[in-house]
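Inspection log for the structure reproduced underneath, given as structure tokens.
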Amino acid sequence: MTNHESIVALERALREKNDQWTRLDEKRNVILETIQQAKAALNDYEETLDTYEKARVLLQQSAEYARKQAKQQMETLVTNALQYVFGPMIAFEIELEEHGNRAVAEMFVVSNFDGMKIKTKPQDARGGGVVDIVTLALRVALMETTQPKQSGPILLDEPGKHVSGEYTHYLYEFLKSLATMFDRQILMITHNHHLMESGDKAFIVTIRDGISQVEEATSP
């Protein structure tokens with residue numbers, strides 16, 4: 001093999017290795033993105049479970065009278081939230097059962113389709129949008145029912161991020177009603193422009209050269 005042929009063969013081999021590396025790098029990026037999405041989904045799931053568990057503990061450890069009051073307040077607030085966003089054919093129910101000296105609480109979303117009552121766990125009820133609303137309303141209910149009562153604003157990070165666009169308007173109307181009902185300020189981080197525009201004041205955070213820049217959003 002001549003020197004020229006050797007160089008041509010080496011160049012061809014190099015191109016093949018470069019192509020192989022590019023394909024492997026693309027696969028690596030896809031895998032990393034999938035891992036990040038899985039971690040985010042796991043974090044959402046853990047936060048949701050934590051909210052449900054806190055509600056269960058409150059109901060289980062309260063005295064009977066306080067337990068009934070807390071149950072009614074939670075059911076009413078979460079039902080109002082679901083119906084505000086998704087319509088009147090959906091509700092939230094808590095079932096309390098006595099097991100020895102301990103009360104056990106189970107939570108359900110109840111939907112009515114053509115007169116048929118369908119009861120499911122919140123995490124199994126027609127997609128993530130319902131889970132978002134139930135979790136949001138439960139957190140507010142815990143703030144309002146826990147003694148001593150917790151004061152301060154309601155802090156929300158990407159509320160309703162799984163709620164379909166057709167329901168976004170109802171979601172921010174519900175958030176406004178929450179602020180009025182409980183006389184609490186709502187501080188919210190969101191990428192949703194509709195929710196951003198619903199606030200009395202909004203700020204846009206951008207990153208430039210690794211530094212966060214904050215500027216007040218102006219009305220269109």
Side-chain angles (χ1 to χ4, degrees), residues 39-63 65-86 92 94 103 105 107 109 122-123 128-163 167-207 212-219:
K39 285 182 178 179
L42 178 61
N43 184 61
D44 288 346
Y45 184 69
E46 288 175 344
E47 288 182 357
T48 299
L49 286 183
D50 181 62
T51 300
Y52 294 162
E53 187 58 28
K54 286 178 179 176
R56 286 194 183 95
V57 169
L58 174 65
L59 291 167
Q60 291 167 2
Q61 294 182 350
S62 302
Y65 176 73
R67 184 160 55 238
K68 288 181 179 178
Q69 279 194 319
K71 172 181 180 294
Q72 183 177 6
Q73 288 175 346
M74 288 183 185
E75 284 182 333
T76 300
L77 180 57
V78 179
T79 293
N80 286 344
L82 288 170
Q83 293 184 352
Y84 209 114
V85 176
F86 298 112
F92 181 73
I94 299 173
M107 303 175 193
V109 171
Q123 57 268 35
V130 168
V131 175
D132 282 0
I133 300 302
V134 171
T135 305
L136 168 61
L138 267 181
R139 286 174 179 165
V140 175
L142 286 169
M143 292 178 69
E144 294 298 322
T145 56
T146 301
Q147 297 297 329
K149 185 176 178 179
Q150 300 180 37
S151 59
I154 299 173
L155 305 178
L156 302 176
D157 185 5
E158 296 290 356
K161 62 183 173 183
H162 297 115
V163 174
Y167 298 114
T168 301
H169 172 77
Y170 302 109
L171 172 58
Y172 76 63
E173 288 294 338
F174 171 69
L175 292 175
K176 282 187 172 182
S177 73
L178 274 183
T180 302
M181 185 186 311
F182 297 114
D183 192 26
R184 290 183 186 266
Q185 183 183 24
I186 293 180
L187 302 178
M188 173 172 53
I189 299 172
T190 182
H191 286 88
N192 188 304
H193 287 283
H194 294 294
L195 289 180
M196 182 189 76
E197 292 168 0
S198 71
D200 296 321
K201 184 167 288 191
F203 296 89
I204 299 174
V205 180
T206 56
I207 298 179
S212 295
Q213 305 285 335
V214 181
E215 54 186 332
E216 186 171 352
T218 56
S219 301

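These values consider heavy atoms only, across backbone and side chains, with no hydrogens, waters or symmetry-generated copies. From a predicted model like this one, the values you see are computed outputs, not experimental measurements.
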Exercise answer: donor-acceptor pairs, residues 154-161 side-chain atoms, under 3.5 Å, sequence neighbours excluded:
residue: E158; atom: OE1; partner: H191; partner atom: N; Å: 3.3
residue: E158; atom: OE2; partner: H191; partner atom: N; Å: 3.3
residue: E158; atom: OE2; partner: H191; partner atom: ND1; Å: 2.4
residue: K161; atom: NZ; partner: D44; partner atom: OD1; Å: 3.1
residue: K161; atom: NZ; partner: D44; partner atom: OD2; Å: 2.9

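- The shortest distance between side-chain heavy atoms of R139 and T135 falls below 4.5 Å.
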message: T51 vs V134, test: side-chain contact (heavy atoms from CB on, under 4.5 Å). Steps then yes/no.
response: CA-CA 10 Å; T51 300; V134 171; over 6 Å; no
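- Between M143 atom CE and R184 atom CZ the span is 3.5 Å, to the nearest 0.5 Å.
- Within 6.0 Å of CD on Q72 lie no more than 12 heavy atoms contributed by other residues, nucleotides or ligands.
- Shown here are the side-chain hydrogen bond (donor to acceptor under 3.5 Å, both in side chains) partners of E75, two or more places apart in sequence or in another chain: K71.
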- request: Quick one: do Y167 and I133 satisfy side-chain contact (heavy atoms from CB on, under 4.5 Å)? Show the steps, please.
  value: CA-CA 11 Å; Y167 298 114; I133 300 302; over 6 Å; no
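- To the nearest 0.5 Å, the span separating CG on N43 from NZ on K39 amounts to 11.0 Å.
- For the atom pair D183 CG and L178 CG, the distance stands at 12.5 Å (nearest 0.5 Å).
- Listed by chain and number, the residues in a side-chain contact (heavy atoms from CB on, under 4.5 Å) with S212 are V205, I207 (sequence neighbours excluded).
- Under the side-chain hydrogen bond (donor to acceptor under 3.5 Å, both in side chains) criterion, T190 pairs with no residue, sequence neighbours left out.
- Looking only at side-chain heavy atoms (C-beta outward), L138 and M107 come within less than 4.5 Å of each other.
- Interatomic distance, F174 CZ to L82 CG, rounded to the nearest 0.5 Å: 8.5 Å.
- Between the side chain of N80 and the backbone N or O of T76, at least one donor-acceptor pair lies under 3.5 Å.
- Across every non-hydrogen atom of A137 and L77, the tightest pair is O-CD2, 3.5 Å.
- Taking each heavy atom of S177 and Y84 in turn, the nearest pair found is OG-CE1, 4.0 Å.
- Of all the heavy atoms in V131 and P122, the pair that sits closest is CG2-O, 3.2 Å.
- The side-chain hydrogen bond (donor to acceptor under 3.5 Å, both in side chains) check on Y172 picks up H169, with sequence neighbours excluded.
- The distance from the OG1 atom of T168 to the CG atom of L195 is 6.0 Å, given to the nearest 0.5 Å.
- Residues M74 and F92 approach most closely at O-CD2, 4.1 Å, considering heavy atoms.
- Residue N192 holds its CG atom at 8.0 Å from CG of L171, rounded to the nearest 0.5 Å.
- When the salt bridge (Lys or Arg N to Asp or Glu O under 4.0 Å) test is applied to E215, the partners found at least two apart in sequence or on another chain are R208.
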